[in-house]
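In what follows, a structure is listed as C-alpha cells, so that the remarks can point back to it.
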Amino acid sequence: PILTNTTILNKNFYLFFLGNFDYVKHGINNAIVGVLWSVSIEEQFYLFCPLIIAWLPRKHLVKVFVTIIILSTYYRFAGTSGKTLNLMQLYHTFSCVSDLAMGALFANLCLNEQFIARIKNIKLYWIILFYIVGFALIIFRADIYHLELTQNEYLKSINFKGGRAFMPRPKQYLHAILPTIYSLFFAFIIVEQVFANRSIFKIGRISIFSKLGKISYGLYCYHMIALFIVTFCFMKLKYNVIQPDKTLIIAEATIAFILTIVISTLSYRFFEKGFLELKEKLVMNPLSNRNLKANNLKQSLHENSIYRF
C-alpha cells in the first residue's frame, strides 16, 4: 500500500524545500509527496554552492568541496539528529551533502585540462577494475552493511535497560563511509563516459537513454503520483492492491512507468524547458574565462549524450 497520511505532513517543509527534515522529524508518512526529500536537499545545496563559488578563489574550491565531503561522512558516523539513527543517515542534509559536493568537486576538476587529459588516457584495465569494484560494492551493499550491528542488535548485545533518551548506539563506520565511495564511483562513471578514449562502452550510443535523460527530473518527481493513480484505478476495479500477486505487480509497474513517461514528457515540454532556456540566457557570461571553460565542458557533455543523467 502507498502511504498517503496527511495528518502529520507539514506542507511548509516542502514549500520551502525542507522536505527531508519532514522525513527526519516524522519518518516516512507520505510517500507521494515525501519522495521530494532529495529534491529539497539538492535545492538547499544549489542555494549554498553558488555563494562558495562567488566568494572563494577557484584555487580553493577543491579544498572546500573535499572538506564538505569529509565533514558529511563524519556526520553520518557521529550525528545524532532525527527520529532514529537510520533516518538521520538517510535524509539529513548534512548526511547527504557529500554526494552533491562530490559532483561539484568533479565539475570543478573538469575545468582543469590536465585532469581531463588523465581521464582521456586512462588505461582500459583501470576502467574495468573500477567498474568491477564499484558494482560489487553496490550488489553486495546489504551484505556489507550487515557486517555492522544495528541499533537493536547492539542494545541486545550489551543488555541495555535504560530509556530512549540515553540510548547508546554502535559505531557504524561502513554506513558512514560507503555512501561517499558510491558517489565517487558514480562521479567516475560520468567523467569516464564523457572523456575516456578507451571506454568499454559508451552508454550515450543508446538513444533511448538520452531521451529519458531529458525528462529524468520528471521521472523522479512524478513516478509516485503515477503509481498512486494506477494503484487507485486497480483498487476501484476490485483488484487486491494491498496484497497483489506477481501479475498485478508487473501490470501496475508497467502502466505506472508508461504514465510517468507521459507526464514527465508533458512537464518537460510545457514547463521545464522554458526555465532551462531562460537559464541559458541568464547564467552564462561568454566574457568570463571560467564560464567559457564551463561552456566547453557543457558542450562536451551534450555531445556525449549523458548530460541529462
Side-chain angles (χ1 to χ4, degrees), residues 13-24 35-76 79 81 88-113 115-116 119 176 179-191 194-195 213 216-218 220-221 272 275-302 306-309:
F13 277 120
Y14 299 94
L15 181 62
F16 295 102
F17 296 107
L18 297 171
N20 59 306
F21 291 106
D22 180 46
Y23 266 24
V24 169
V35 71
L36 299 177
W37 70 270
S38 63
V39 177
S40 297
I41 295 177
E42 290 175 21
E43 295 301 327
Q44 293 164 28
F45 184 77
Y46 295 155
L47 290 173
F48 174 70
C49 186
L51 299 178
I52 297 177
I53 297 175
W55 291 346
L56 291 177
R58 182 183 163 190
K59 63 181 180 179
H60 296 309
L61 291 180
V62 170
K63 300 175 185 177
V64 171
F65 291 133
V66 169
T67 300
I68 293 175
I69 293 170
I70 293 174
L71 292 177
S72 178
T73 302
Y74 178 75
Y75 180 82
R76 288 193 293 269
S81 63
M88 179 280 295
Q89 286 182 325
L90 291 175
Y91 305 119
H92 199 286
T93 301
F94 291 157
S95 176
C96 301
V97 73
S98 60
D99 298 335
L100 294 163
M102 187 71 72
L105 172 63
F106 271 74
N108 187 70
L109 291 174
C110 286
L111 298 177
N112 186 305
E113 295 178 359
F115 176 80
I116 294 178
I119 299 298
T180 301
I181 296 177
Y182 291 139
S183 63
L184 177 63
F185 174 56
F186 287 117
F188 167 77
I189 291 177
I190 293 175
V191 296
V194 173
F195 298 114
S216 58
Y217 183 79
Y220 177 76
C221 291
E272 299 167 38
F275 285 96
L276 292 172
E277 292 174 348
L278 180 63
K279 183 195 70 173
E280 298 291 338
K281 297 177 181 179
L282 297 179
V283 174
M284 290 301 182
N285 175 8
L287 298 180
S288 167
N289 183 54
R290 181 186 297 185
N291 285 338
L292 181 59
K293 289 185 177 181
N295 269 323
N296 293 336
L297 171 61
K298 186 177 178 182
Q299 180 62 31
S300 176
L301 292 171
H302 272 295
I306 65 168
Y307 172 69
R308 288 287 178 182
F309 284 110

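In terms of heavy-atom proximity, S216 sits nearest to G213 at OG-O, 2.9 Å. Across F94 and S72, no two heavy atoms sit closer than the pair O-OG, 2.6 Å. Across all their heavy atoms, S95 and R76 have their closest contact at O-NH1, 2.6 Å. Between E42 and L100, the closest heavy-atom pair is CA-CD1, 3.9 Å.
The aromatic rings of Y91 and W37 sit perpendicular, their planes meeting at an angle over 60°, well past the 30° parallel limit. In this pair, F188 and F185 present their aromatic rings parallel. The plane angle is below 30°, not in the 30 to 60° band. Ring geometry for H92 against F21 counts as perpendicular: the plane angle is over 60°, on a 0 to 90° scale with 30° as the lower cut.
Interatomic distance, L111 CG to I116 CD1, rounded to the nearest 0.5 Å: 7.5 Å. Taking CD1 from I41 and CG from D99, the interatomic distance works out to 8.5 Å, rounded to the nearest 0.5 Å. Atom-to-atom distance recorded for F13:CZ and S40:OG is 10.0 Å, nearest 0.5 angstrom. Taking CG from L105 and OG from S98, the interatomic distance works out to 11.5 Å, rounded to the nearest 0.5 Å. Rounded to the nearest 0.5 Å, atoms OG1 (T73) and CD1 (I181) are 9.0 Å apart. Distance check: L18 CG to N20 CG gives 7.0 Å after rounding to the nearest 0.5 Å.
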**Study point:** Chi angles and distances behind the side-chain contact (heavy atoms from CB on, under 4.5 Å) call for F106, F115
**Key:** CA-CA 10 Å; F106 271 74; F115 176 80; 4.1 Å; yes
Practice item. Please step through side-chain contact (heavy atoms from CB on, under 4.5 Å) for the pair F48 and Q44, ending with a clear verdict. Key: CA-CA 6 Å; F48 174 70; Q44 293 164 28; over 6 Å; no
Review point. Going through the checks in order, is the side-chain contact (heavy atoms from CB on, under 4.5 Å) test met by I52 and I68?
Key: CA-CA 12 Å; I52 297 177; I68 293 175; 4.1 Å; yes
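S183 places a side-chain N or O within 3.5 Å of a backbone atom of T180 that can act as its donor or acceptor partner.
Taking a 6.0 Å sphere around OH of Y220, one finds it holds more than 12 heavy atoms contributed by other residues, nucleotides or ligands.
Each of L71, I69, V64 was compared with T67 under the side-chain contact (heavy atoms from CB on, under 4.5 Å) criterion, and only L71 meets it.
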